[in-house]
Protein chains: 2
Amino acid sequence: MYLCGIIKEMFSQSEENYLKAIYHLEIVSSKGVTTNAIAKKLETKASSVTDMVQKLSEKELIIYKKYQGVTLTVFGKKTAANIVRKHRLWEVFLVEKLNFSWDEVHDVAEQLEHIKSQKLIQELDSFLGFPTHDPHGDPIPDDKGNLKTIEKSLLSTLAKNESGICVGVIDSSSEFLQFLDKKGITLGKQITVLEKEDFDDSVSILINDKKLSISQKIATNLFVKKR
Amino acid sequence: MYLCGIIKEMFSQSEENYLKAIYHLEIVSSKGVTTNAIAKKLETKASSVTDMVQKLSEKELIIYKKYQGVTLTVFGKKTAANIVRKHRLWEVFLVEKLNFSWDEVHDVAEQLEHIKSQKLIQELDSFLGFPTHDPHGDPIPDDKGNLKTIEKSLLSTLAKNESGICVGVIDSSSEFLQFLDKKGITLGKQITVLEKEDFDDSVSILINDKKLSISQKIATNLFVKKR
DNA sequence: AATAATTTTTAGTCTTGACTAAATATTGTT
DNA sequence: AACAATATTTAGTCAAGACTAAAAATTATT
């Protein structure tokens, strides 16, 4: 008893989760992704990672040399990008159509991203109007796995009197997102830096026509598009 | 590494598939559902069924006495109805929002029905306008697991000159559904019996202002609501 | 009622994906 | 260069869920 009919390439949920983790880690690390890094990201043990990494390597999704970490192959990267694409499209769906807030979508999208159906994802994309970014401002890969990133800067890098549009976050934990909500900070909002405090790196900003003081921690987790 | 956070009761996909199978079989059989019947429905082996049935029994989802078949407990029935509810709501979504035809929805809904999220299913229900029937005319259980069936009759039971509205099918294989599509037979269409042939039990019907001859096999797989 | 046919269960095996503990590589430090 | 610390892999287990083959129970047939 198992799903999987005609479909060209099928990977297990577990394999997909590993691919996605490696994909995300590669973006940051730029060189080989270590076993330990994967283990930490997936909250599993290094030995389990070694097992899986050998399997993914046999399936030509990654390049793996013992003790050397892994790199996605072109095929692996495309596969991973497709999972990320699904994840982010579902997030858009949940927020735009089903009244989820941006801090509630992650767990559900984590499940939905594993649904296998070409048509489903194509139609969903079209139904949502071909969105380019998810509710956290992260770019949605196109159906070839390419993503166009916009030039975004951390709020902390803005100079006094500069302003920008809020376009994303680094930390997308629900705690942080709920905190932003409480402060009235959401995607698309204009933010102007009124003052930068040297002694604690906090910034004073203008948003929603109100003055707000923002800690360094917040300012280094919020992306804006300069203008 | 596994999902499953706060949620009250969590069952594996496999457990859910068994529950659903037993639920469907109970509707037909009315008495205890046999191991073999479950095996056939799930295209698995009887020995595998025995294993799972013992597990479900321990979890109080079913009553199981060796060699006696199984019955859903109240809890089990509610759980199963909820899976069916999710399956059918997703089918409605696929057809109404994502341009799937009624013969394409099953495999995808089979996957989507296992997504765990209270809010998701509530919001989906609301987004779809609280539908009562899926694209095949099957009733959608409410959030307490109750379903109100409408009185429907097989087309084959209609007398000459009687008419009814097409409200459902027994066989929901894509072959049958595509055949119906080709003949212009869809849910909601009015059908009038013009003639009944005794020697092969075929019926001559009026639909879409056209006369059509329908074999016995079709007539015994199509539900209408008499009027 | 006895035997044959069928159904169901048990016992043992396999695969996937996790784990622990031990062994081996690599890296960092003096 | 040698040793310590850390990272990685190997070897051996485990649970879930499937399987086959054999045993046991039930049902059907005479």
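Naming convention: chains lettered A, B, ... in sequence-line order (proteins, then strands); numbering from 1 in each chain.
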Q.
On the nucleotide D/dT20, are OP1 or OP2 found under 4.0 Å from the side-chain N or O atoms that B/K45 carries?
A. yes
**Q.** SB check B/D125 B/R85 (cutoff 4.0 Å)
**A.** yes
Q | B/Q13 CD to D/dA18 P, straight-line distance once rounded to whole Å | A | 11 Å
Q. Whole-Å distance between C/dT27 P and A/K31 NZ?
A. 12 Å
Q | Pair A/S101, A/E104: side-chain N/O donor-acceptor within cut-off below 3.5 Å | A | yes
**Q.** Value in whole Å for how far the P atom of C/dT16 lies from OH of A/Y18
**A.** 14 Å
Q: List the protein contact pattern of nucleotides 2-8 of chain C with one symbol per nucleotide (5' to 3'): B for base contact, S for sugar-phosphate-only contact, - for none; contact means a heavy-atom distance under 4.0 Å.
A: -----SB
Q | Earlier contact from the 5' end, DNA chain C, for A/E15 and B/Q54 | A | B/Q54
Q: Would you mind telling me which of C/dA18, D/dT20, D/dA18 lies closest to the side-chain atoms of B/S47?
A: D/dT20
Q | Steps toward side chain to side chain donor-acceptor pair (under 3.5 Å) verdict (B/S126, B/E123) | A | CA-CA 5 Å; B/S126 150; B/E123 293 288 344; 4.8 Å; no
Q. NZ of B/K65 versus C1' of D/dT26: gap in Å, rounded?
A. 17 Å
Q.
Tell me the interatomic distance from B/M52, atom CE, to D/dA15, atom C1', rounded to whole angstroms.
A. 12 Å
Q: Mind calculating the distance between CG (B/L56) and C1' (D/dA16) to the nearest angstrom?
A: 13 Å
**Q.** B/K20/B/E110 ion pair, N-O < 4.0 Å
**A.** yes
Q.
Show every ring-ring contact (aromatic ring centres under 6.0 Å, His included) that has at least one partner inside residues 79-110 of chain A, sequence neighbours left out.
A. A/H87-A/H106, A/W90-A/F93, A/F93-B/F93
Q. Just one of B/L42, B/N36, B/V70, B/I38 clears the side-chain contact (heavy atoms from CB on, under 4.5 Å) bar with B/V49, so which one?
A. B/I38
Q.
Whole angstroms only, please: what is the CD-C1' distance between A/E58 and C/dT16?
A. 14 Å
Q.
Can you measure A/I38 atom CD1 to D/dT8 atom P for me and round it to whole angstrom units?
A. 9 Å
Q) NZ of B/K78 to CG of B/L61: how many Å apart, nearest 0.5 Å? A) 12.5 Å
**Q.** Base C/dT16 paired with A/S12 side chain (donor-acceptor, <3.5 Å)
**A.** no
